[in-house]
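Inspection log for the structure reproduced underneath, given as structure tokens.
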Amino acid sequence: QVQLVESGGGLVQAGDSLKLSCAASGDTFSMYAIAWFRQSPGKEREFVAATSWSGGTTSYGDSVWGRFTISRDNGKKTVYLQMTALKPEDTAVYYCAADLKSRGLVGSKRVVDFGAWGQGTQVTVSS
């Protein structure tokens, strides 16, 4: 099963940009759709973005559409989340996750449908 490790989080100011990485181990990484979720204290985990196995199809949550871009490099077994025009409300722990059942297609935005998760990386945006 694929294992995921996030990195790239940090403290930035409103309006700044930040790029997160999700590095995978295992030989099956390129088979899976990968998504980013985020969770802030007291709130449910929220869908941010997803990419199909090839990167050819992407999906975004309404709150980040037009500001965040998801991409992947299967040769490096890594998925990226480029975040621009960051807002204080983007502050959260960001997780990447693999959809082990979708055969690489983008579809679900539900936490329960993702079977492999990383440990998360904190993003804090100050005003």
Side-chain angles (χ1 to χ4, degrees):
Q1 183 168 324
V2 64
Q3 294 183 327
L4 306 171
V5 178
E6 304 92 337
S7 62
L11 173 63
V12 297
Q13 293 186 336
D16 284 352
S17 297
L18 198 62
K19 188 173 185 177
L20 306 182
S21 298
C22 171
S25 61
D27 295 332
T28 57
F29 170 76
S30 63
M31 295 172 57
Y32 302 126
I34 304 292
W36 287 94
F37 288 80
R38 67 186 183 186
Q39 188 168 22
S40 52
K43 295 186 177 181
E44 293 187 352
R45 195 164 293 190
E46 174 191 18
F47 172 82
V48 175
T51 174
S52 63
W53 70 273
S54 67
T57 301
T58 57
S59 176
Y60 295 92
D62 291 342
S63 61
V64 306
W65 193 89
R67 299 188 298 124
F68 291 10
T69 303
I70 189 171
S71 61
R72 70 189 294 163
D73 183 335
N74 285 339
K76 295 182 178 179
K77 296 183 181 179
T78 302
V79 172
Y80 305 98
L81 184 68
Q82 177 68 56
M83 305 184 293
T84 64
L86 283 162
K87 305 174 182 180
E89 50 263 44
D90 293 318
T91 295
V93 177
Y94 283 71
Y95 300 89
C96 63
D99 188 338
L100 306 180
K101 298 182 179 180
S102 72
R103 300 184 179 182
L105 302 178
V106 169
S108 176
K109 299 179 180 180
R110 303 191 309 163
V111 170
V112 295
D113 290 329
F114 288 79
W117 292 82
Q119 84 290 345
T121 185
Q122 175 71 47
V123 173
T124 303
V125 184
S126 63
S127 57

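Along the sequence shown, residues are numbered consecutively beginning with 1. Keep in mind it's a predicted model, so treat the numbers as computed, not measured.
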Determine, using the 4.5 Å side-chain heavy-atom cutoff (strictly less than), whether [X] and [Y] are members of one ILVMFWY cluster.
X: Val106; Y: Val111; value: no
X: Trp36; Y: Val64; value: yes
X: Trp53; Y: Ile70; value: no
X: Val48; Y: Tyr80; value: no

Query raised in the report: Under the 6.0 Å and 45° cation-pi test, does Arg110 pair with Phe47?
Result: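 Ring-cation test returns no.
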Report yes if some heavy atom in the side chain of [X] is under 4.5 Å from a heavy atom in the side chain of [Y]; otherwise report no.
X: Asp99; Y: Tyr32; value: no
X: Asp73; Y: Val79; value: no
X: Gln13; Y: Leu86; value: no

Query - Neighbour count above 12 (heavy atom, 6.0 Å) for Gln119 CD - result: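 Yes - once you tally the heavy atoms of other residues, nucleotides and ligands closer than 6.0 Å, there are more than 12.
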Is the backbone of [Y] close enough, under 3.5 Å, to the side chain of [X] for a donor and an acceptor to pair up by distance?
X: Arg67; Y: Ala85; value: yes
X: Arg72; Y: Ser52; value: yes
X: Asp16; Y: Thr84; value: no
X: Thr78; Y: Lys76; value: yes
X: Thr69; Y: Gln82; value: no
X: Lys87; Y: Gly15; value: no
X: Glu6; Y: Gly120; value: yes

What is the distance from atom [atom1] of [X] to atom [atom2] of [Y], rounded to the nearest 0.5 Å?
X: Glu44; Y: Arg38; atom1: CD; atom2: CZ; result: 14.0 Å
X: Met31; Y: Asn74; atom1: CE; atom2: CG; result: 11.5 Å
X: Tyr95; Y: Thr121; atom1: OH; atom2: OG1; result: 10.0 Å
X: Trp65; Y: Ser59; atom1: CH2; atom2: OG; result: 12.0 Å
X: Tyr94; Y: Gln122; atom1: OH; atom2: CD; result: 9.5 Å

Looking only at heavy atoms, which two atoms of [X] and [Y] are closest? And how far apart?
X: Ala14; Y: Ser127; result: CB-CA, 4.3 Å
X: Gly26; Y: Lys77; result: O-NZ, 2.8 Å
X: Leu4; Y: Ala98; result: CD1-N, 3.7 Å
X: Ala49; Y: Leu81; result: CB-CD1, 4.2 Å
X: Val12; Y: Leu18; result: CG1-CD1, 4.0 Å
X: Gly115; Y: Gln1; result: O-NE2, 3.4 Å

Query raised in the report: Between Asp113 and Ser108, do the side chains contain an N or O donor and an N or O acceptor separated by less than 3.5 Å?
Result: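 Ser108 and Asp113 do have a side-chain donor-acceptor pair below 3.5 Å.
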Report task. State whether a side-chain donor-acceptor pair under 3.5 Å links Ser40 with Glu89. Result ->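 Looking only at side-chain atoms, Glu89 and Ser40 do not form any donor-acceptor pair under 3.5 Å.
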Query - Pairs flagged by disulfide (SG to SG under 2.5 Å) wherever residues 64-127 is involved - sequence neighbours left out - result: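 Checked against disulfide (SG to SG under 2.5 Å) - neighbours excluded - the pairs reaching residues 64-127 are Cys22-Cys96.
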Requested in this report: Go through the steps to decide whether Phe114 and Leu100 satisfy the test side chain to side chain contact (heavy atoms under 4.5 Å, CB included), and finish with yes or no.
Outcome: CA-CA 7 Å; Phe114 288 79; Leu100 306 180; over 6 Å; no
Report task. Assign the ring pair Phe37 / Trp117 to parallel, tilted or perpendicular, where the plane angle (0 to 90°) is split at 30° and 60°. Result ->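 Rings of Phe37 and Trp117: tilted, 30 to 60°.
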Requested in this report: Any chance you could lay out the side chain to side chain contact (heavy atoms under 4.5 Å, CB included) test for Met83 and Leu20, step after step, and finish with the verdict?
Outcome: CA-CA 8 Å; Met83 305 184 293; Leu20 306 182; 3.7 Å; yes
